[in-house]
2 protein chains.
Amino acid sequence: MAQGETGAFLQDCGDCPIRHRAVCARCEADELTALEQIKYYRSYQAGQTVIWSGDKMDFVASVVTGIATLTQTMEDGRRQMVGLLLPSDFVGRPGRVTAAYDVTATTDLVMCCFRKKPFEDMMIKTPHIAQRLLEMTLDELDAAREWMLLLGRKTAREKIASLLAIIARRDATLQLKTMQGGAVFELPLTREEMADYLGLTLETVSRQISALKRDGVIALEGKRHVTVTSMDRLLEEAGDDSDGGMLA
Amino acid sequence: MAQGETGAFLQDCGDCPIRHRAVCARCEADELTALEQIKYYRSYQAGQTVIWSGDKMDFVASVVTGIATLTQTMEDGRRQMVGLLLPSDFVGRPGRVTAAYDVTATTDLVMCCFRKKPFEDMMIKTPHIAQRLLEMTLDELDAAREWMLLLGRKTAREKIASLLAIIARRDATLQLKTMQGGAVFELPLTREEMADYLGLTLETVSRQISALKRDGVIALEGKRHVTVTSMDRLLEEAGDDSDGGMLA
DNA sequence: CTTTCCGTTTGATCTGCATCAATGCCGATA
DNA sequence: TATCGGCATTGATGCAGATCAAACGGAAAG
């Protein structure tokens with residue numbers, strides 16, 4: 001392996017900077033070397049399925065670039081998205097053999113994978129990893145519960161505003177931008193994907209976006225480029241008491 | 001401390017058998033003694049609030065007997081239940097100071113608590129605990145995602161059937177009963193609580209329960225005592241492909 | 001330049017659940 | 001035994017969002 005890459009990895013996990021740094025920030029150098037030896041990269045094209053629900057899943061991974069989704073499907077085809085994976089997010093669960101959800105690349109996607117068995121072995125030897133993974137999982141659980149409030153009790157308009165707020169915030173975090181006042185970003189999802197996330201139909205999503213545009217809450221350039229005039233106004237529309245919660 | 005109680009705890013955690021055994025099954029005797037020294041019990045009456053969202057929470061705990069709920073509330077009063085805590089379930093998160101949800105006792109409730117600081121210290125010294133907690137949290141996350149499908153995509157009738165199936169299964173597990181064919185149990189929730197869990201109104205809950213009764217899927221004795229004739233039929237009504245999923 | 005295709009928008013109508021409003025059923029209290 | 005108060009049921013009506021259907025726009029292919 002390339003000298004430079006290894007060096008970078010030992011300091012900040014190189015190519016998968018954010019989440020891996022988070023996973024191993026507290027590890028010793030030799031533990032990082034061990035992690036280094038079991039990692040590998042996989043690329044997927046937009047639209048490609050990474051894993052089907054029920055498949056054997058012999059790795060865990062974190063997203064390096066691109067966006068993936070977790071979805072559940074009923075026999076009759078009704079679909080509900082249950083997670084949105086942005087760069088730095090973790091997929092897969094140690095101690096489980098089969099995948100519980102469909103994982104799909106919605107944009108071109110690069111993931112950094114660890115074969116599951118060695119990763120589990122390492123977890124046992126390196127307590128920091130389990131502790132860090134626990135923190136991350138608890139955050140995801142909070143996000144899922146926030147989403148339950150949205151699915152169970154919010155109106156279509158509030159749902160759309162909430163989703164836009166979440167994407168704006170995640171985007172700002174990744175870009176290390178602040179969003180004082182407003183925000184500008186590209187929608188990473190189609191109307192149908194948004195509908196699957198929000199428990200709506202794509203027609204309702206389209207109508208509510210048009211309504212938010214008409215009411216001056218957002219501006220659109222093309223179909224995907226969104227400008228949020230006032231973040232405060234958007235959060236108000238979202239019906240959020242505080243800051244709009246987090247995302248899985 | 002009483003000799004008998006300590007002995008029991010060291011073997012199977014005595015008074016809080018199920019979850020504590022799960023947490024410490026792999027621990028050494030002296031670690032268990034340490035856990036023993038930081039635990040204490042608290043009782044609540046039906047309807048009492050255990051913790052308000054936003055309060056400082058200086059303990060983690062597991063339910064010994066009774067039932068508690070986790071709920072989120074919007075400013076205008078809309079409520080969504082995001083978790084149902086049955087005996088053996090764990091509450092609270094290490095590494096967080098304030099509670100994220102209202103925790104309420106729906107029946108008389110006994111919890112076994114651990115002061116947070118000592119518990120966190122122990123977690124660092126005892127890797128098994130973090131690993132076990134990770135497993136438990138991942139299970140809860142799966143349950144939350146199953147619930148997202150219910151909230152986002154199921155009809156009122158399917159929601160009710162799903163809830164009944166989940167309660168029947170949890171009840172059977174706790175009683176160590178099998179439910180070949182049918183099941184009988186007490187509903188631990190009012191119609192309003194069911195509505196808050198399912199993202200419905202209490203009137204709709206009532207109507208759909210009546211409908212399931214009329215259609216012979218369940219039988220009612222009084223308002224709470226439920227008899228499920230055929231578990232298969234109930235799961236079919238729930239729209240579940242496999243087994244109805246799990247619960248937080 | 002034209003055609004095709006896919007995602008999107010917009011319109012018309014339908015319907016499942018919410019909302020508003022009584023009434024019924026106990027168990028508790030006097 | 002009468003009365004009250006908290007759940008639960010049932011009915012009548014309204015509306016947000018689903019469904020069905022058509023047309024639009026822009027990128028890619030011929």
Side-chain angles (χ1 to χ4, degrees), chain A residues 45-47 67 69 74 76-80 104 106-107 150-164 186-215 218-226 237 239, chain B residues 45-48 69 74 76-80 104 106-107 150-164 186-215 218-226 237 239:
Chain A
Q45 293 176 351
I67 292 177
T69 60
M74 295 171 68
D76 62 5
R78 280 176 283 176
R79 286 163 58 84
Q80 176 64 49
T104 312
T106 55
T107 65
L150 178 147
L151 289 171
R153 294 302 187 193
K154 289 192 177 178
T155 65
R157 177 185 257 247
E158 289 170 336
K159 286 178 175 182
I160 298 286
S162 300
L163 180 58
L164 294 178
E186 293 295 314
L187 267 181
L189 303 174
T190 65
R191 299 292 184 264
E192 185 172 19
E193 288 164 338
M194 294 177 69
D196 282 344
Y197 208 164
L198 299 169
L200 298 171
T201 59
L202 86 193
E203 292 96 328
T204 299
V205 169
S206 181
R207 273 185 248 273
Q208 295 299 334
I209 288 180
S210 298
L212 288 175
K213 189 170 65 175
R214 172 166 24 82
D215 300 347
I218 59 172
L220 278 185
E221 210 166 315
K223 280 130 187 359
R224 297 296 195 91
H225 189 86
V226 179
E237 291 285 350
Chain B
Q45 294 178 348
Q48 233 186 320
T69 60
M74 295 172 67
D76 62 5
R78 280 176 281 175
R79 287 162 57 84
Q80 176 64 51
T104 312
T106 55
T107 64
L150 178 145
L151 290 171
R153 294 302 187 193
K154 289 191 178 179
T155 65
R157 176 183 259 246
E158 289 170 335
K159 286 179 175 181
I160 298 285
S162 299
L163 180 57
L164 294 178
E186 292 296 314
L187 267 182
L189 304 174
T190 65
R191 300 292 185 262
E192 185 174 20
E193 286 164 340
M194 294 176 69
D196 282 344
Y197 207 162
L198 299 169
L200 297 171
T201 59
L202 85 198
E203 292 96 328
T204 299
V205 169
S206 182
R207 274 184 247 273
Q208 295 299 334
I209 289 181
S210 298
L212 288 175
K213 189 171 65 173
R214 175 169 16 83
D215 299 347
I218 58 172
L220 278 184
E221 209 166 315
K223 284 138 189 350
R224 299 295 195 90
H225 190 85
V226 180
E237 291 285 350

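Per chain, numbering begins at 1; letters A, B, ... match sequence-line order. For the numbers below, each heavy atom of this structure counts, side chains included, while hydrogens, waters and symmetry mates do not.
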Name the pairs: protein N/O against N/O of nucleotides 4-6 of chain C, kept only if under 3.5 Å.
none

With a cut-off of less than 4.0 Å, is there a side-chain N or O of B/Arg157 near OP1 or OP2 of C/dC17?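 B/Arg157 to C/dC17 OP1/OP2: no side-chain N or O under 4.0 Å.
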Would you please confirm or rule out a distance under 4.0 Å between OP1 or OP2 of D/dT10 and any side-chain N or O of B/Ser206?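 The answer is no; no side-chain N or O of B/Ser206 sits under 4.0 Å from OP1 or OP2.
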Just checking B/Gly199: base, sugar-phosphate only, or nothing, at a heavy-atom cut-off of under 4.0 Å? sugar-phosphate
Nearest 0.5 angstrom please: B/Tyr197 OH to B/Leu150 CG, how far? 9.0 Å
Distance in Å, B/Glu193 CD paired with B/Thr104 OG1, rounded so as to fall on 0.5 Å steps: 8.5 Å
Go nucleotide by nucleotide along DNA chain C from the 5' end; which of A/Arg153 and A/Arg191 gets its closest nucleotide reached first? A/Arg191
With the side chain of B/Ser210 defined as its heavy atoms from C-beta on, choose the nearest nucleotide among D/dG17, D/dA8, D/dT10. D/dT10
What's the closest nucleotide to the side chain of A/Thr190 if the choices are D/dG17, C/dT9, C/dT8? C/dT8
Gap between atoms [atom1] and [atom2], on [X] and [N] respectively (whole Å):
X: B/Lys154; N: D/dG17; atom1: NZ; atom2: P; answer: 22 Å
X: A/Lys213; N: C/dT9; atom1: NZ; atom2: P; answer: 7 Å
X: A/Ile209; N: C/dT10; atom1: CD1; atom2: P; answer: 11 Å
X: B/Arg214; N: D/dT9; atom1: CZ; atom2: C1'; answer: 13 Å
X: A/Glu221; N: D/dG25; atom1: CD; atom2: P; answer: 17 Å
X: A/Glu193; N: C/dG7; atom1: CD; atom2: P; answer: 9 Å
X: B/Leu202; N: C/dA21; atom1: CG; atom2: C1'; answer: 13 Å
X: B/Met194; N: D/dT9; atom1: CE; atom2: C1'; answer: 14 Å

Pairs under 3.5 Å (N/O, protein and nucleotides 19-21 of chain D):
residue	atom	partner	partner atom	Å
D/dT19	O4	A/Arg207	NH2	3.0
D/dC20	N4	A/Glu203	OE2	3.2

Run the side-chain donor-acceptor check on residues 208-215 of chain B: report pairs under 3.5 Å with partners two or more places apart or on a different chain.
residue	atom	partner	partner atom	Å
B/Ser210	OG	B/Ser206	O	3.1
B/Asp215	OD2	B/Arg157	NH2	2.2

For the residue pair A/Arg153 and B/Arg78, what are the closest heavy atoms and their distance? O-NH1, 3.0 Å
For B/Ala195 against B/Thr201, the heavy-atom pair lying closest together: CB-C, 3.5 Å
Please enumerate all residues that pass side chain to side chain contact (heavy atoms under 4.5 Å, CB included) together with B/Gln45, with sequence neighbours excluded. B/Gln48, B/Asp108
A/Arg79: what forms a side chain to side chain contact (heavy atoms under 4.5 Å, CB included) with it, not counting sequence neighbours?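 So A/Arg79 forms a side chain to side chain contact (heavy atoms under 4.5 Å, CB included) with A/Thr71, A/Thr73, A/Asp196.
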Min side-chain heavy-atom separation B/Leu164-B/Glu237 under 4.5 Å: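 In short, these two side chains do not touch, never coming nearer than 4.5 Å.
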Using a 4.5 Å cut-off on heavy atoms from C-beta on, say whether the side chain of B/Thr190 contacts that of B/Arg224.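 Result yes, sub-4.5 Å side-chain heavy-atom pair found.
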Does B/Lys154 use its side chain to pair, donor to acceptor, with the backbone of B/Lys159 at less than 3.5 Å? no
Can you confirm whether A/Glu192 is buried at CD, in the sense that more than 12 heavy atoms of other residues, nucleotides or ligands lie under 6.0 Å from that atom? no
B/Lys223 and B/Glu186 ion-paired at < 4.0 Å: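 Not counted as a salt bridge, because no side-chain N and carboxylate O are separated by less than 4.0 Å.
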Detail all sub-3.5 Å separations between protein N/O atoms and N/O atoms belonging to nucleotides 23-29 of chain C.
none

